[in-house]
Each structure stands twice: as structure tokens, then as C-alpha cells.
Amino acid sequence: MDERARHWQYDELPGVDLLRARYVHKTFVRHTHENFVIAAIADGVEVFHHGGGDQYAGAGALALVNPDIPHTGRAGVPEGWRYGAVYPPPDVVAEIAAETTGLRGTPGFVSPVVDDPYAAGLVHQVLRAADEGNALAADTLLRVAVTRLLRLNGGPMPRREVRTAGARIAARARGVLEERMARPPTLERLAADLGTSPFALLRAFRNAYGMPPHAWLTDARVRRARRLLDTGTSPSEAAVAVGFTDQPHLNRHFSRMVGVPPGAYQRERKNVQDLR
């Protein structure tokens with residue numbers, strides 16, 4: 001079976017990423033998203049590691065991931081899985097929650113899998129409306145889908161408060177890596193600069209962010225590369241700017257986290273810019 005994917009934006013849904021894909025052998029490495037993930041499985045089964053265990057989403061179910069939560073993705077059956085996904089920003093979900101639910105605090109999803117064919121159908125209708133240029137339908141259906149899922153499976157996301165010394169060290173390490181993304185220090189040097197040991201830093205960072213510093217850095221590089229590609233930077237220039245050795249290095253990691261190569265990703269973004 002052929003694998004195919006389209007990752008795009010629709011001008012009338014600002015800030016919302018859209019994806020339609022079929023994967024068989026694709027494996028998403030551990031990564032995060034700045035936006036919510038609402039993925040509706042059309043057929044097959046997706047397995048994704050989330051919250052300490054594997055989650056299974058089959059046809060008619062939705063895979064739901066809150067922003068900045070590490071997760072993976074792979075096929076759960078030999079024929080793979082086909083799905084459509086919308087990625088609304090946190091401010092859009094918060095606005096919908098405030099208007100249509102009684103949720104307090106920062107809203108999020110409680111369970112990573114919800115079996116609701118009706119909501120899954122709404123997600124596919126959002127993608128169809130975006131394809132057809134039907135702005136009214138796309139916006140309306142997105143809001144109805146998010147409202148339904150928040151009412152079925154919504155709750156306040158836990159507040160991340162930096163309390164322990166380890167959490168403070170992890171936050172400082174993250175700041176250093178963000179500033180020195182293109183030329184990061186070794187784990188030993190980073191730990192020494194922060195006044196701790198390499199293994200203590202590794203443990204603290206994993207506890208705070210769900211992955212070791214090198215994996216977090218790769219994730220952060222791909223995120224920054226996406227922003228550069230959105231502004232028109234070429235994939236080769238973006239690769240070097242964020243610290244990858246060359247464009248093939250960026251291609252490999254980008255595809256394993258975003259689902260499409262950076263060139264295809266940028267072409268879809270350029271199409272949106274041209275329409276504007």
C-alpha cells in the first residue's frame with residue numbers, strides 16, 4: 001500500500017494545521033506539538049506511546065494529545081492506518097471552552113483516546129470543507145467538534161509549577177539549549193555550568209519534559225525549522241540555522257515528527273500565502 005500525506009493550512013482557519021494521511025510503515029519518534037492534536041482514525045489502527053503506556057485508536061476513534069506532551073506514533077495493524085487531523089492552537093481551544101463549557105483553568109483533554117464516530121466524522125468534514133474553500137463550514141465544524149470533545153473528555157490541564165531544585169535546573173538547561181540550539185554544549189559541560197552532575201541533570205530533565213535533553217533538542221529544532229519554513233527560509237538554510245548538519249539531516253527528523261518532508265510542508269504553506 002502507498003503511503004501519502006498532506007500537511008497544510010487553510011487561510012480561513014488561522015493557526016490551525018491540517019493533516020490527511022495514510023501510513024503503513026511510518027514511525028513517529030517521540031515528539032511534541034505546540035498545538036492540540038485531534039486525529040480522527042478513518043480505518044486501520046494507530047498505536048502511540050503516551051503517558052507511560054501504549055494507546056490504541058481504531059476506526060471511529062480519536063487520538064487526542066495536549067500541547068507539549070511527548071508521544072510517538074506507528075501502525076497497530078499490518079495495513080497501517082488512515083486518518084485526518086486538525087491541530088488547533090491553545091488559544092482557540094481556550095476560547096471555545098470559555099464560550100461553550102464550564103471548564104475552569106486551562107482546558108485540555110483527559111483521555112488520549114475517545115471512541116466517538118460522530119466527532120471523528122466532524123473532523124473529516126472540517127478537512128473536506130477546507131479543501132472546498134468553504135470557510136463558514138470549516139470554522140463552524142471545527143468549533144462543534146472541539147466543543148463536543150471538551151464536553152465528553154475535557155478537564156483543566158495541571159499547572160506546571162517549578163518547585164523542586166531538579167525542576168529549576170531542568171528549566172535552566174532548557175533555556176541554555178534554546179539559546180545555543182545551533183551549537184549546544186555536551187551534557188557534561190551543561191551539567192558543570194549548572195553546578196550538577198550529568199546523570200542528575202539527565203534525570204531532572206527527563207522528569208520535567210518527558211524526554212532526555214538530546215531528544216528535546218531535536219524536537220525543538222524541528223519546531224524552529226517549521227517557523228523558519230513558514231517565513232520562506234529554504235529547507236537547506238533552515239537546517240543549518242537550527243543546528244542540523246545539512247538538509248538530509250533535517251529531512252529525516254522533520255519527516256519523523258511532522259509526517260511530511262520539509263519541502264512538501266513548505267510548498268503547502270506557500271500555496272496558502274499565494275492565495276492570500
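Taking hydrophobic clusters as Ile, Leu, Val, Met, Phe, Trp and Tyr residues chained together by side-chain heavy-atom distances below 4.5 Å, Tyr118 shares a cluster with Val86. Both Val114 and Val144 are assigned to one and the same hydrophobic cluster, defined by single-linkage of ILVMFWY side chains at heavy-atom distances under 4.5 Å. The hydrophobic clustering, which links ILVMFWY residues whose side-chain heavy atoms are closer than 4.5 Å, places Val47 and Met257 apart.
Pairing each heavy atom of Ala42 with each of Ala59, the nearest pair is O-CB, 3.5 Å. Contact between Tyr87 and Leu18 at its shortest, heavy atoms only, is CD1-N, 4.3 Å. For the pair Ile69 and Thr32, the tightest heavy-atom approach, listed with the atom from each and the gap, is C-CG2, 3.8 Å. In terms of heavy-atom proximity, Ile169 sits nearest to Leu194 at O-CD1, 3.9 Å. A pairwise comparison of heavy atoms in Val126 and Leu142 identifies CG2-N, 3.4 Å as the closest pair. Across all non-hydrogen atoms, the minimal contact from Trp81 to Arg74 is CZ3-C, 3.3 Å.
Comment: Arg174 engages Glu178 in a salt bridge, judged by a side-chain N to carboxylate O separation of less than 4.0 angstrom. Using a 4.0 Å cut-off between a side-chain N of Lys or Arg and a carboxylate O of Asp or Glu, Arg223 and Glu34 qualify as a salt bridge.
At a threshold of 4.5 Å between non-hydrogen side-chain atoms, the residues His7 and Val258 count as touching. Considering only heavy atoms from C-beta on, Arg30 stays 4.5 Å or farther from Thr218 through its side chain. Using a 4.5 Å heavy-atom cutoff, the side chains of His214 and Leu187 are not in contact. With contacts defined as side-chain heavy-atom distances shorter than 4.5 Å, the pair Thr72/Val29 does not qualify. In this structure, the side chains of Pro262 and Asn251 come closer than 4.5 Å at one or more pairs of heavy atoms.
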Donor-acceptor pairs under 3.5 Å, side chain of residues 148-157 to any protein atom, not counting sequence neighbours: which ones?
unit_1, atom_1, unit_2, atom_2, d
Arg148, NE, Asp116, OD2, 2.6
Arg148, NH2, Asp116, OD1, 3.2
Arg148, NH2, Asp116, OD2, 3.4
Arg151, NE, Thr100, O, 3.2
Arg151, NH2, Thr100, O, 2.8
Asn153, OD1, Ser111, N, 2.9
Asn153, ND2, Ser111, O, 2.8

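Partner Phe109 forms a side-chain contact (heavy atoms from CB on, under 4.5 Å) with one of Val65, Ile38, Val93 and no other, that one being Ile38.
Classification of the Phe28-Tyr23 ring pair by plane angle, with boundaries at 30° and 60°, yields perpendicular.
With hydrogens and angles left out, the side-chain atoms of Asp219 and His31 include no donor and acceptor closer than 3.5 Å. Using modelled atom types and a 3.5 Å distance limit, the side chains of Asp230 and Tyr265 yield a donor-acceptor pair.
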Could you walk me through whether Tyr56 and Phe48 pass ring pair (Phe, Tyr, Trp, His ring centres under 6.0 Å), step by step? CA-CA 7 Å; Tyr56 294 78; Phe48 60 105; 8.9 Å; no
